[in-house]
Amino acid sequence: MLVQFYNVSKIYANGVKALDDISIKIDGGEFVFLMGPSGAGKSTMIKMLYREEIPSRGQIFVASRSLVRMKKKEIPALRRNIGVVFQDFKLLENKTVYENVSFAMEVVGANHREIKSRVIEVIKMVGLHGKEKSLPGELSGGEQQRVGIARALTNRPLLLIADEPTGNLDMNTAQEIMELLFDINRKGTTVIMATHAWELVKAARKRVITLESGKIDSDINPGEFTLCK
Amino acid sequence: MQIRNAVYFFREACKSIARNHLLSIATVSTITICILILGMSVLITLNTSTFLDSLESDVEIMAYLDQDLDNAGVKDVQEKLESLAGIETITFVSREQALKDMQETLGKKDYDLESTLGKNPLPDSFEIKATDSHDVPDLAVKIEKIYGIYKVNYGKGIVEQLFSTARWVRVVSLVFIFLLALGAIFLIATTIRLAIFARRKEIYLMKLIGSTDWFIRWPFFIEGIGLGSLGSLLSIIILAAAYGSLLSRVDTILFMPLVSGTNVLINLYLSLFAAGAVLGIIGTGISINRFLDV
């Protein structure tokens with residue numbers, strides 16, 4: 001079991017109830033879609049996984065470690081095992097592709113030789129070989145998201161979290177990004193992806209957890225998939 | 001801190017200064033102006049304080065002896081004075097010497113004081129210097145009680161006023177410098193916050209990737225120290241040139257002698273340099289923490 005939510009609720013300071021008694025389990029190696037309309041609680045769940053938010057009630061475990069009881073100084077170690085991909089890519093505009101990816105290893109104190117070989121490896125993996133010296137502004141949206149994915153992968157995370165990674169991309173590019181994420185999942189990394197794109201989810205035939213007003217509306221496994229929608 | 005990390009921190013600090021050069025120039029200028037104002041205030045305070053110190057240390061007690069006291073009596077008074085605590089020097093001034101001094105002061109050439117007066121009306125006296133001039137009023141009371149002394153003079157009233165004015169000037173100057181330093185910290189912190197704000201996305205990413213807070217802070221602190229030191233260096237150059245040029249033209253301003261000791265000035269400039277670096281650190285410290293709460 002890689003991720004467990006036990007009766008998790010989240011009420012923000014302004015009184016908004018983002019999550020209401022959520023319980024789920026995600027095994028290592030799974031690919032899980034998190035679906036639901038805006039405001040359903042997807043982003044809150046995602047942020048809880050890398051402990052940007054903590055629950056108001058309930059428990060969350062990642063790799064058997066309680067995120068609720070986790071001390072502040074233990075957070076960096078957790079985050080080194082989690083890669084995050086964003087809808088708006090969050091690339092550093094003044095750094096090249098290579099620097100954007102190597103940045104993720106530099107800031108955790110990796111050594112120079114290790115950084116060089118790993119960065120070249122992940123840039124190849126996401127299909128950006130030859131574009132190492134380009135700046136984000138010179139790349140297409142799909143290519144920028146590949147850089148984001150490469151950055152998330154450099155530290156060999158156990159868990160890859162993608163928050164609407166195809167939200168800013170056209171359908172063809174989105175499918176390419178999905179293929180890349182499936183490929184990463186096939187190599188053993190657990191992937192949790194929040195999305196609105198039902199077309200992509202339907203084609204993927206993976207587990208789908210749907211949220212509605214902070215509650216789990218449905219949790220469908222690949223085998224049961226054809227029965228729904 | 002590992003050497004590998006230290007190299008990274010320095011490289012990042014330098015890159016950040018170059019990348020955000022407009023903000024870096026703004027920070028350095030702010031620090032230069034703050035330290036310049038601070039340095040000018042310290043120089044004015046230093047000069048005033050030195051002047052007040054010299055005025056205070058000039059305060060002496062004159063103890064006039066009874067006219068009919070014989071040599072043994074004078075010696076007796078001297079011994080009693082020497083036994084008092086808090087006295088630095090005691091100088092005996094004979095009535096002849098006192099008249100001579102008065103003659104000198106009034107101008108020997110114009111008229112002969114001794115023949116004008118007919119006889120020497122002045123008494124023997126002791127010039128007494130206290131170890132701490134602030135003890136003079138108390139000491140004067142004790143001295144007045146010694147047998148053989150008929151009058152003690154130390155400028156009663158004026159001296160107390162001088163001391164209280166000096167204390168007031170010192171307190172006001174220190175409060176002023178303190179407020180200036182606070183203002184400088186606030187200004188510098190605001191400028192550095194702007195520089196950090198420009199990199200908030202980078203900091204957020206570093207936090208999400210699993211960077212520790214200190215790993216993120218170090219380059220900013222190095223940048224803060226660098227910009228702070230550069231700013232203070234510029235202000236010291238301006239201040240030293242201006243004060244040096246003033247010293248080469250005049251020795252005093254409104255009877256106040258100017259402080260010109262090389263050691264004093266070097267210490268002042270070194271302190272200002274350190275103040276710049278410290279202000280850079282404090283400014284960064286105040287500004288960065290709010291961006292680390294991710």
Side-chain angles (χ1 to χ4, degrees), chain A residues 46-47 49-54 62 70-86 88-96 99-115 135-136 147-148 150-163, chain B residues 1-27 192 194-224 227 284-285 287-294:
Chain A
I46 294 263
K47 283 180 178 172
L49 285 169
Y50 50 82
R51 210 180 177 280
E52 192 178 338
E53 296 286 352
I54 49 169
V62 172
M70 182 171 274
K71 289 182 188 132
K72 219 177 162 199
K73 64 175 183 193
E74 295 170 331
I75 298 174
L78 166 82
R79 290 179 178 169
R80 287 174 196 194
N81 283 312
I82 298 175
V84 187
V85 178
F86 304 91
D88 59 356
F89 322 131
K90 287 204 183 350
L91 300 180
L92 301 171
E93 301 301 327
N94 45 24
K95 287 185 191 274
T96 63
E99 286 166 342
N100 262 287
V101 180
S102 65
F103 169 78
M105 289 185 83
E106 278 170 350
V107 300
V108 296
N111 76 49
H112 187 67
R113 196 176 300 164
E114 205 182 332
I115 293 173
L135 288 168
V147 180
R151 182 182 61 200
L153 287 178
T154 40
N155 291 321
R156 297 186 171 86
L158 291 171
L159 176 64
L160 185 73
I161 298 169
D163 193 3
Chain B
M1 197 199 299
Q2 290 177 336
I3 293 173
R4 187 177 68 226
N5 289 346
V7 171
Y8 171 80
F9 296 149
F10 274 96
R11 206 181 58 215
E12 281 304 302
C14 294
K15 270 195 210 165
S16 167
I17 291 172
R19 204 183 295 142
N20 305 307
H21 56 276
L22 276 179
L23 274 171
S24 303
I25 292 170
T27 310
I192 291 178
L194 274 177
I196 297 175
F197 184 78
R199 294 179 61 193
R200 65 194 183 285
K201 187 165 132 186
E202 205 172 321
I203 296 173
Y204 177 75
L205 276 173
M206 286 167 92
K207 287 287 290 186
L208 287 199
I209 289 164
S211 204
T212 59
D213 285 354
W214 272 108
F215 200 94
I216 299 171
R217 278 192 197 111
W218 268 114
F220 286 103
F221 274 116
I222 293 169
E223 190 177 337
L227 296 179
T284 310
S287 310
I288 193 157
N289 280 349
R290 69 181 55 200
F291 294 98
L292 292 176
D293 196 19
V294 178

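Letters A, B, ... mirror the listed sequences (proteins, then strands); counts begin at 1. What you see below is based on every heavy atom in this structure, not just the backbone, and it leaves out hydrogens, waters and symmetry mates. Just so it is clear, the model here is predicted, and its values are computed rather than measured.
Looking at heavy atoms from C-beta onward, Val62(A) lies in side-chain contact with Leu78(A) at the 4.5 angstrom threshold.
Between Thr284(B) and Gly224(B), the shortest heavy-atom contact is OG1-CA, 3.6 Å. Contact between Val107(A) and Ala104(A) at its shortest, heavy atoms only, is CG2-O, 3.7 Å.
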Under 3.5 Å, which donor-acceptor pairs link chain B to chain A? Give each pair on its own line with the distance.
from, atom 1, to, atom 2, distance (Å)
Arg4(B), NH2, Gly109(A), O, 2.6
Arg11(B), NH2, Glu106(A), OE2, 3.3
Lys201(B), NZ, Leu91(A), O, 2.7
Tyr204(B), OH, Glu52(A), OE1, 2.8
Lys207(B), O, Arg79(A), NH1, 3.2
Gly210(B), O, Arg80(A), NE, 2.7
Gly210(B), O, Arg80(A), NH2, 2.9
Ser211(B), OG, Val107(A), O, 2.8
Val294(B), O, Arg79(A), NH1, 3.3
Val294(B), O, Arg79(A), NH2, 3.2

- [ ] Test side-chain contact (heavy atoms from CB on, under 4.5 Å) on Leu208(B) and Phe86(A) and set out the steps.
- [x] CA-CA 11 Å; Leu208(B) 287 199; Phe86(A) 304 91; 3.2 Å; yes
TODO: Output, in order, the C-alpha distance, side-chain angles, deciding distance and verdict of side-chain contact (heavy atoms from CB on, under 4.5 Å) for Leu160(A) and Val85(A).
DONE: CA-CA 8 Å; Leu160(A) 185 73; Val85(A) 178; 4.0 Å; yes
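For Phe215(B) and Phe9(B), the gap between ring centers is short of 6.0 Å.
Interface residue Leu91(A): only backbone heavy atoms are found under 4.5 Å from chain B.
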